[in-house]
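Right, one structure below, let's go through it.
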Amino acid sequence: MSDFKELVCSVWDAAWNHGNEDALDDIVHPDYALENADSGHTSGLTELKVEVREMRAAIPDLRTTVDKIVVDDDDFAIFWSATGTFLNPLGDVPATGRSLQTCGAVQGVLREGRIIRERVTWNLSDDMLSDLGAPRLRSAFEPARAQAGSGEAEEGPSIEALKEFNRKFVTGVTVVTTTDSEGRPRGLTLSAYTPVSLDPPLVLVCVQKTSSTYPALFESEHLGINIIANTQRAVVDKFASKADDKFAGLDWHTGPAGSPLIRGSAASIEAEIKERFQAKTHTVFIARVTHLEVSDLDPMLYVYMSGKFYDGAALKEL
């Protein structure tokens with residue numbers, strides 16, 4: 001089996017390190033199938049080649065190594081490791097510039113000296129992003145459970161129904177800010193803010209991936225969260241717009257780590273981004289508060305219903 005091991009190393013290097021994914025044709029059987037151990041999903045050689053191209057595009061300096069190959073009759077296992085830098089987007093996930101250092105294993109079966117089936121313990125969309133600090137909320141993407149007694153999966157509410165439910169929830173208004181890779185201030189109006197913990201001081205914001213601020217926020221190490229005052233309606237409108245420069249004419253200053261903080265806000269914090277959880281259409285950011293500014297101004301309240309704003313100072317006790 002020394003010839004098989006040498007061929008595996010040669011093909012692996014050609015495909016993963018040099019971008020010649022067609023070299024895989026030399027070692028796989030025509031009936032080749034690739035199973036993911038976590039999801040149970042099975043794909044073929046075409047999908048594997050696409051994965052190689054996507055990973056090499058996202059990590060141009062990718063370097064993988066076959067550390068060990070074990071063969072027992074027609075069963076084999078490959079242990080590998082990889083390094084590189086996340087420099088280009090992977091699907092809808094912006095590049096972070098973070099270094100990748102990971103490892104994995106492949107179990108497989110041979111037929112006529114070629115690989116006919118492989119079972120992997122590491123996959124591109126989940127494990128690589130997790131290794132780079134942007135894991136998916138895996139359990140949230142599991143198939144819907146069958147209803148008791150019916151054997152049929154729950155369909156769940158429609159997107160429009162969920163939007164209507166969310167519009168009933170009264171929240172304050174925040175402007176989340178950061179700087180992009182060129183040092184320019186960026187920001188968006190956001191109501192999806194939640195305190196998570198006082199010790200350690202953690203907060204959460206949930207950002208839609210289609211936002212123009214999202215790539216800069218994903219790549220950043222820090223963010224600012226400004227609770228908008230009831231005198232700042234124009235600020236809310238500006239950051240909810242698609243203006244090229246939302247900071248034009250705005251009175252703001254930078255926090256200790258460089259995040260834009262808006263003067264005149266009811267309160268502002270700067271926080272270090274600790275976790276980025278992929279939630280399909282959105283990303284959940286968990287951040288640790290490092291700087292705090294609180295004023296005596298009353299906050300604005302925002303009700304999504306009909307897009308109406310309410311003055312926080314006019315609230316009456318029930």
Distance-only side-chain donor-acceptor flag, Thr64 / Trp12, under 3.5 Å: yes
Give the intermediate values and the outcome of side chain to side chain contact (heavy atoms under 4.5 Å, CB included) for residues Ile27 and Phe4. CA-CA 9 Å; Ile27 200 169; Phe4 171 75; 4.2 Å; yes
So CG of Asn226 and OG1 of Thr189: to nearest 0.5 Å the spacing works out to 10.5 Å
Drop me the distance from Asp237's CG to Lys246's NZ, to the nearest 0.5 angstrom. 12.0 Å
Co-membership, hydrophobic cluster, residues Val235 and Ile227, 4.5 Å side-chain: no
Do Leu261 and Ile269 share a hydrophobic cluster (ILVMFWY, side-chain heavy atoms under 4.5 Å, transitive)? no
Please confirm whether the backbone N or O of Ser212 pairs with a side-chain atom of Arg186, one donor and one acceptor, at under 3.5 Å? yes
Give the cluster check for Tyr193 versus Val294: same hydrophobic cluster or not, with ILVMFWY residues linked at side-chain heavy-atom distances below 4.5 Å. yes
So which atom in Ala58 and which in Pro89 form the shortest heavy-atom distance, rounded to 0.1 Å? CB-O, 4.0 Å
Shortest non-hydrogen contact between Phe79 and Ala105, atoms and distance: CD2-CB, 3.9 Å
Main-chain N/O of Asp92 paired with Lys209 side-chain donor or acceptor, under 3.5 Å: no
Thr177 side chain reached by Leu223 side chain, heavy atoms, under 4.5 Å: no
Compare all side-chain heavy atoms of Asp75 with those of Val109 and state whether any distance is below 4.5 angstrom. yes
Spacing of Arg117 atom CZ and Arg111 atom CZ [to the nearest 0.5 Å]: 11.0 Å
Side chains of Val70 and Phe76 in contact at under 4.5 Å (non-hydrogen atoms): no
Looking at Ser220 and Ile273, what are the two nearest heavy atoms and their distance? O-CD1, 3.5 Å
Answer yes or no: are there more than 12 heavy-atom neighbours, outside Gln208 itself, under 6.0 Å from its atom CD? yes
Distance-only, no hydrogens or angles: does the Arg276 side chain make a donor-acceptor pair with backbone N or O of Thr283 under 3.5 Å? no
Is Arg114 positioned over the aromatic face of Tyr32, cation under 6.0 angstrom from the ring centre and no more than 45 degrees off axis? no
Donor-acceptor contact present, side-chain Arg263 to main-chain Trp252, <3.5 Å: yes
Taking Ser265 for the side chain and Ser268 for the main chain, is one N or O donor matched with an acceptor at less than 3.5 Å? no
Any side-chain heavy atom of Phe239 within less than 4.5 Å of one from Leu250? yes
Taking every heavy atom of Leu188 against every heavy atom of Ser211, the minimum-distance pair comes out as CD1-OG, 3.5 Å
Donor-acceptor pair, Thr174 side chain versus Leu190 backbone, under 3.5 Å? yes
Electrostatic pair Lys238-Asp245, nearest N-O below 4.0 angstrom: no
Quick check: do Val289 and Val203 have side-chain heavy atoms less than 4.5 Å from each other? yes
Do the side chains of Lys49 and Asp25 get close enough for a salt bridge, i.e. N-O under 4.0 angstrom? yes
Side-chain donor/acceptor of Glu47 to backbone N/O of Gly44, under 3.5 Å: yes
If hydrophobic clusters are built by linking Ile, Leu, Val, Met, Phe, Trp and Tyr wherever their side-chain heavy atoms come under 4.5 Å apart, do Leu297 and Val236 end up in the same one? no
Go through the steps to decide whether Val207 and Thr213 satisfy the test side chain to side chain contact (heavy atoms under 4.5 Å, CB included), and finish with yes or no. CA-CA 9 Å; Val207 182; Thr213 301; over 6 Å; no
In this structure, would Ile116 and Ile78 fall into the same cluster of hydrophobic residues linked by side-chain contacts under 4.5 Å? no
I'd like to know whether Ile69 forms a side chain to side chain contact (heavy atoms under 4.5 Å, CB included) with Cys9, so could you lay out the CA-CA distance, the side-chain angles of the two residues, the decisive distance to 0.1 Å, and finally the verdict. CA-CA 9 Å; Ile69 302 176; Cys9 292; 4.1 Å; yes
CH2-CZ distance between Trp16 and Arg63, expressed to the nearest 0.5 angstrom: 14.0 Å
In this structure, OG of Ser191 is separated from CD1 of Ile228 (nearest 0.5 Å) by 12.5 Å
Evaluate whether atom CG of Asp251 has more than 12 neighbouring non-hydrogen atoms of other residues, nucleotides or ligands under 6.0 angstrom away. yes
With a 4.0 Å cut-off, would you call Glu272 and Arg288 a salt bridge? no
Would you sort out whether Arg98 and Thr85 count as a side chain to side chain contact (heavy atoms under 4.5 Å, CB included), showing the intermediate values? CA-CA 6 Å; Arg98 292 191 176 191; Thr85 313; over 6 Å; no
Measure the shortest side-chain to side-chain distance between His222 and Thr178 over non-hydrogen atoms and say whether it is less than 4.5 angstrom. no
Would you mind reporting whether Phe86 and Leu100 have side-chain heavy atoms less than 4.5 Å apart? no
Would the distance check show the side chain of Thr65 and the main-chain N or O of Trp80 forming a donor-acceptor pair, the cut-off being under 3.5 Å? no
Considering only heavy atoms from C-beta outward, does the side chain of Pro260 approach that of Thr179 to under 4.5 Å? yes
Using a distance-only test with no angle check, is there a side-chain donor-acceptor pair under 3.5 angstrom linking His253 and Glu293? yes
Between NE2 of His18 and CZ of Arg56, what distance do you get to the nearest 0.5 Å? 8.0 Å
Please confirm whether the backbone N or O of Ala57 pairs with a side-chain atom of Asn88, one donor and one acceptor, at under 3.5 Å? yes
Please work out whether the ring planes of Tyr214 and Phe285 are parallel, tilted or perpendicular, with thresholds of 30° and 60°. perpendicular
Can Glu270 and Ser259 be counted as having a side-chain donor-acceptor contact under 3.5 angstrom? yes
Exam field: side chain Asp13 to backbone Asn17, donor-acceptor pair closer than 3.5 Å: no
